[in-house]
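These numbers come from the heavy atoms of this one structure, side chains and all, not from hydrogens, waters or symmetry mates. None of these values were measured; they are calculated from a predicted model.
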There are 2 protein chains.
Amino acid sequence: MSITQKNQQSLCPLRHILNVFSGKWKLPIVCMLAAGKPLRYSSIKRKIGDITNVMLSQSLKELERDGIVHREQYNEVPPRVEYSLTDKGKDVVPVIQQAAQWALKDMQQSLACGANCEQCFTTK
Amino acid sequence: MSITQKNQQSLCPLRHILNVFSGKWKLPIVCMLAAGKPLRYSSIKRKIGDITNVMLSQSLKELERDGIVHREQYNEVPPRVEYSLTDKGKDVVPVIQQAAQWALKDMQQSLACGANCEQCFTTK
DNA sequence: CTGAATCCATCCCGATACTG
DNA sequence: CAGTATCGGGATGGATTCAG
């Protein structure tokens, strides 16, 4: 399980936000959902590209537990599940955008790269 | 070494900022330095409290390599080293503050805790 | 005082295979 | 389609000891 669970007693807000969003995949996932449209499991997986089922389902489960994403399951055949951001999740988006801005500027200065990443807010 | 080195080719700004600031201690360290006054090694260690030498020196070294903190060494006896934020490091402070704001609000809602942490911007 | 060296436990992440 | 089960490598965080 994630680091989030064991240290729920660590009261520092910064530790808290790191607990919620650290890991390799959570920010990319939130970014995809930030567009507003609910996405299906396979859709997220396809957009991210190189994520495995284990990491995707685990990340989604933890984000759901932490109140960032909402999971809506439709009992159909074949099964359909859609993920979207909760209100709390939408609240973080500006913060992430600001962070991405800083990071982009930093990267341009130090690496002169174009940030051709499809997964974050800085593209286009 | 940090994850930062191997994936320098990962061009996503969000990955970049996570690379620079993830880990258990870097944000607390930056927070202490954000007050503006240069701090000595032992001073940082005392303020954080439960960090070991290994983690502190490693974190500082990586933050220095990434251009966030500046290390000033005075050749005296006993040796004295002072750490402070670079301009780039100061630029991140507002972002971290915003993040801490969100996290604090989130924690108050879900845990009703008082965030009695000395290490972050939300105290006092 | 400011670290470096060594050793060790944990856990994050991933590949592969399988299920309702 | 939307996941779970299992196994394993490598990174990360830490205790202890030692050094300039």
Side-chain angles (χ1 to χ4, degrees), chain A residues 1-8 10 12 15 18-29 32-33 38-66 69-84, chain B residues 1-8 10 12 15 18-29 32-33 38-66 69-84:
Chain A
M1 281 301 154
S2 152
I3 193 178
T4 316
Q5 266 145 332
K6 48 176 194 187
N7 292 341
Q8 209 54 288
S10 75
C12 176
R15 292 263 171 88
L18 266 190
N19 286 343
V20 175
F21 289 103
S22 78
K24 197 169 174 183
W25 304 107
K26 292 187 183 175
L27 281 181
I29 291 172
M32 328 239 56
L33 295 176
L39 294 179
R40 305 180 59 163
Y41 182 91
S42 54
S43 174
I44 300 175
K45 183 172 159 124
R46 202 173 331 111
K47 281 172 180 284
I48 295 194
D50 53 345
I51 191 174
T52 63
N53 282 328
V54 177
M55 298 318 298
L56 179 52
S57 63
Q58 191 179 102
S59 302
L60 284 170
K61 199 177 295 181
E62 290 175 11
L63 286 171
E64 186 192 1
R65 183 203 59 203
D66 293 333
V69 311
H70 170 71
R71 190 190 121 111
E72 188 71 38
Q73 177 168 355
Y74 302 91
N75 287 320
E76 310 170 350
V77 186
R80 182 161 65 100
V81 179
E82 285 188 347
Y83 294 91
S84 56
Chain B
M1 280 301 154
S2 154
I3 195 177
T4 317
Q5 265 144 333
K6 50 173 194 186
N7 292 338
Q8 209 55 288
S10 75
C12 174
R15 292 263 171 88
L18 266 189
N19 286 344
V20 175
F21 290 103
S22 78
K24 197 169 174 183
W25 304 106
K26 292 187 182 172
L27 281 180
I29 291 172
M32 328 239 56
L33 296 177
L39 295 178
R40 304 181 58 164
Y41 182 90
S42 53
S43 174
I44 300 176
K45 182 171 160 119
R46 201 173 332 109
K47 281 170 180 283
I48 295 194
D50 54 345
I51 191 172
T52 63
N53 283 330
V54 178
M55 298 317 298
L56 179 53
S57 63
Q58 190 179 100
S59 302
L60 285 170
K61 197 178 297 179
E62 290 175 11
L63 286 171
E64 186 191 3
R65 184 202 59 204
D66 293 333
V69 312
H70 170 71
R71 189 189 123 111
E72 188 71 38
Q73 177 168 354
Y74 302 91
N75 288 319
E76 311 170 349
V77 185
R80 182 161 63 100
V81 180
E82 286 188 345
Y83 294 91
S84 56

How many whole angstroms separate atom [atom1] of [X] from atom [atom2] of [N]?
| X | N | atom1 | atom2 | result |
| --- | --- | --- | --- | --- |
| A:Ile51 | D:dA2 | CD1 | P | 14 Å |
| A:Gln73 | D:dA2 | CD | P | 10 Å |
| A:Met55 | D:dG3 | CE | C1' | 14 Å |

[X] vs [N]: side-chain N/O to OP1/OP2 distance below 4.0 Å:
| X | N | answer |
| --- | --- | --- |
| B:Ser42 | C:dT2 | yes |
| A:Ser57 | D:dT4 | yes |
| A:Lys45 | D:dG3 | no |
| A:Arg40 | D:dA2 | yes |
| A:Lys61 | D:dG3 | no |

For A:Tyr83, answer base if it contacts any base atom (sugar-phosphate contacts may also be present), sugar-phosphate if it contacts only those atoms, and nothing otherwise; contact means non-hydrogen atoms under 4.0 Å. sugar-phosphate
Measure from the side-chain heavy atoms of [X] and tell me the nearest of [options].
| X | options | value |
| --- | --- | --- |
| B:Arg71 | C:dC1, C:dG3, D:dC1 | C:dG3 |
| B:Val81 | D:dG13, C:dG14, C:dT2 | C:dT2 |
| B:Val54 | D:dC1, C:dA5, D:dT4 | C:dA5 |
| B:Lys24 | C:dA5, C:dT16, D:dG13 | D:dG13 |
| B:Trp25 | C:dG14, D:dG14, D:dA2 | D:dG14 |

How large an angle, rounded to 10°, do the end axes of the helix from C:dC1-D:dG20 to C:dG20-D:dC1 enclose when each is built from five base pairs? 50°
Please compare A:Asn53 and A:Gly23 by the position of their nearest nucleotide in DNA chain C and report the one closer to 5'. A:Gly23
